[in-house]
Each structure stands twice: as C-alpha cells, then as structure tokens.
Amino acid sequence: MLRNYSNSRTLGDNIRLGTLTAFTAGTINIASLLIFLSFTSNVTGHYAILAAEISKGNWSQVAVMGSWIFLFFFGSFLSNFIVINFNKKSKYFAHAMPLVLEIICLFGVGVYGQLYYRKTLEETEVLVAIMLFATGLQNGLTASISNFSVKTTHLTGTTTDLGILVSMFTQKKYRKNGELIGRAKLLSSIMLAYVLGAVFSGLTYYYLEFRVFYVISICLLVVIGYDAYKIHVRHFNTKYRYNRIYRKPNLLAYLYEKIHGIPKSKKKRKLVFED
C-alpha cells in the first residue's frame, strides 16, 4: 500500500490504501461532529463560515477559521514535503511517516479527551485544529503517492468523478475500457469504506467516546504494519536465497534453516561413460 509510488502503483495498491484510509476518515469526521459539532475531514464548510464571519466583522472567529484551514493545508504540505524529500532514501519511511504523525495527533486527542477535556470553547478549537492537521496529512499522503488518484477525507470530488464514469458507461465502448472500470471500482470502494467508517463511529461513539480515536489509530497502524511485514518477509527470503547461492552464511538464513530445516540436495546422476 505504501511502498509503491505514483505510476508504479497497481489498482490493488490504491484500493487497499483507499478503503482503509477512507474508513478512518469517515470515523474521524462523525466522531468530531458528535463531540465537537464540527467536521474535520474537509474544509469546504469552514471556507463558507470564514466568508460569513468576515462579512460580520467577527475577527476572532475569522482567525479561528483561518487557522483551521491553514492547518489542513499545512498537513497536506508537510505530507508531500516528506514524500518528495525522503522518497529516494526510503520509500516506505517517506510514505509511512505522515501516517505516524497522524496517529500521534489522533492518539493525543483521544488521551486528552478521555482524561482532561472540560468542554471549554478554547479546548474544542485546539482539538479540532489538531484533527484537521491530521486529516490534511492523510489526504496529502494518499493523493501524493497515488498520483492524485486517491483522496479519502472527503467525497465531493469522488462522487463527481463516479457520476461522470457512470454516465460514460451508458456507452458500450467505455464499458469495455479496463482503466475506467478500475477507476470506478476504486471510487466505489472509497465511498463505501467512508460510509462504513461513519456508521461505525456513530454506532460506537456512545460506548467508546474518546476511545474511538484509539480504534482509528489501530486502523492506521494496520496500513503501516502491512507494508512493513511484506518488506521484511521479502528481505528475509532474499537473504536466504543469497546464502543458498553464494554459500555466504548470515543470521537470517541460519534462522530460516533452523525453522524449516536444510533442504535435501538431490544426488547427481552418474553417466555410464564416467565409470
């Protein structure tokens, strides 16, 4: 999900990344709506509120809305900044780091909300700002590494694109286009996962309350852990094959042979004239 970059990604990579991150985005959005009465997975509504507060001359709220929008923007900026600057050193590190930062933010909101939150306006504004920064990180990462194919924190563009594709499928020539079919599958899976995450958050919030952010953090850890597992298993097998070919002992090959046993080598068949 995180290892491949841009055009080297497969449809399966994008669907796995899109569904898991869309599920978390839906969960975050409904949790923040129930707790703080504010959406945090997108800033479309905040732009409208910003304009309304400017027209009223309510400059304190203008500053709050402006900071929220900026933090979502800064999250996207920081996410792509990490990807493009560390991608050559380690694709996995560059792509996982924004999710690690998002987990830290959401876990911090969960801990503070569970132990210290007193429902003051100032606390609410700060916690919403942190969540907007976190979702900005997620949206920037998914868009950056997928060549803008995957955006999971809001569904406005997703719904628009899917509507266009469905209209194209009314003609037979487009229904046979594998690329368009794959795109439709990706968008549909993102929409479904987002709705499922929102429903899950709505059903479990009254039991979990701020602990719902721990569940979200676990979902993001699955995204990070999946690729870490794949990378290390592949590295393990490569080291083992290297040892078998070049007879160079190493710890990984030694452990592999201890677990699976040393494969029996087939005896070389002798030819008649060799006697």
Engineer: Could you tell me whether the side chain of Thr44 reaches within less than 4.5 Å of the side chain of His154, counting heavy atoms only?
Structural biologist: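 Contact flag for His154/Thr44 side chains = no.
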
Engineer: Could you grab the distance from atom CD1 of Ile82 to atom CZ of Phe93, nearest 0.5 Å is fine?
Structural biologist: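 So the CD1 of Ile82 and the CZ of Phe93 are separated by 7.5 Å.
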
Engineer: Is a side-chain donor-acceptor pair under 3.5 Å present for Asp13 with Thr10?
Structural biologist: yes

Engineer: Heavy-atom distance under 4.5 Å between the side chains of Gln138 and Leu106, does that happen here?
Structural biologist: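 When only atoms from C-beta onward are counted, Leu106 and Gln138 do not touch, as no gap falls below 4.5 Å.
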
Engineer: Report yes if some heavy atom in the side chain of Leu50 is under 4.5 Å from a heavy atom in the side chain of Val62; otherwise report no.
Structural biologist: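 Heavy-atom side-chain distance check passes, below 4.5 Å.
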
Engineer: With under 30° as parallel and over 60° as perpendicular, where do the rings of Phe133 and Phe74 fit, or are they tilted in between?
Structural biologist: parallel

Engineer: Among Leu137, Asn139, Ile145, whose side chain to side chain contact (heavy atoms under 4.5 Å, CB included) with Leu141 holds?
Structural biologist: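 The option that passes is Ile145.
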
Engineer: OG1/Thr160 to CG/Leu187 distance, rounded to the nearest 0.5 angstrom?
Structural biologist: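 Spacing of OG1 (Thr160) from CG (Leu187) equals 10.0 Å.
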
Engineer: How long is the straight-line distance from CD1 of Ile224 back to NE2 of His95, given to the nearest 0.5 Å?
Structural biologist: 13.0 Å

Engineer: Any non-hydrogen side-chain atom of Tyr214 less than 4.5 Å from a side-chain atom of Leu208?
Structural biologist: no

Engineer: Can you tell me how far the CG atom of Asp161 sits from the CE atom of Met191, to the nearest 0.5 Å?
Structural biologist: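 Spacing of CG (Asp161) from CE (Met191) equals 10.5 Å.
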
Engineer: Hey, is the main chain of Phe81 close enough, under 3.5 Å, to the side chain of Asn85 for a donor-acceptor pair?
Structural biologist: yes

Engineer: Using modelled atom types and a 3.5 Å cut-off, is there a donor and acceptor pairing between side-chain atoms of Ser41 and backbone atoms of Asn29?
Structural biologist: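 The answer is no, because no donor-acceptor pair under 3.5 Å joins these two groups.
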
Engineer: Do Glu123 and Tyr112 meet the criterion of a side-chain donor-acceptor pair at a distance under 3.5 Å?
Structural biologist: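 Tyr112 and Glu123 do have a side-chain donor-acceptor pair below 3.5 Å.
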
Engineer: For Thr124 and Phe36, indicate whether the former's side chain and the latter's backbone hold a donor-acceptor pair under 3.5 Å.
Structural biologist: no

Engineer: Determine whether the side chains of Thr153 and Tyr194 contain a donor N or O and an acceptor N or O closer than 3.5 Å.
Structural biologist: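 The criterion, which ignores hydrogens and geometry beyond distance, is not satisfied for Tyr194 and Thr153.
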
Engineer: So do Ser67 and Glu125 actually touch side chain to side chain, heavy atoms under 4.5 Å?
Structural biologist: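 The answer is no; the side chains never approach within 4.5 Å.
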
Engineer: Can you label the angle between the Phe200 ring and the Phe23 ring as parallel, tilted or perpendicular, going by 30° and 60°?
Structural biologist: tilted

Engineer: At what distance, to the nearest 0.5 angstrom, does CH2 of Trp68 lie from OH of Tyr47?
Structural biologist: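 OH of Tyr47 is found 14.5 Å from CH2 of Trp68.
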
Engineer: Measure across Ser189 and Ile15 and return the closest heavy-atom pair with its distance rounded to 0.1 Å.
Structural biologist: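 Closest approach of Ser189 to Ile15: OG-CG2, 4.0 Å.
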
Engineer: From Arg211 CZ over to Gln114 CD, what is the distance, rounded to the nearest 0.5 angstrom?
Structural biologist: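 It comes to 5.0 Å.
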
Engineer: I'd like to know if the side chain of Ser201 reaches the main chain of Ala198, judged simply by a donor and an acceptor atom lying under 3.5 Å from each other, with no hydrogens or angles considered.
Structural biologist: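 No.
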
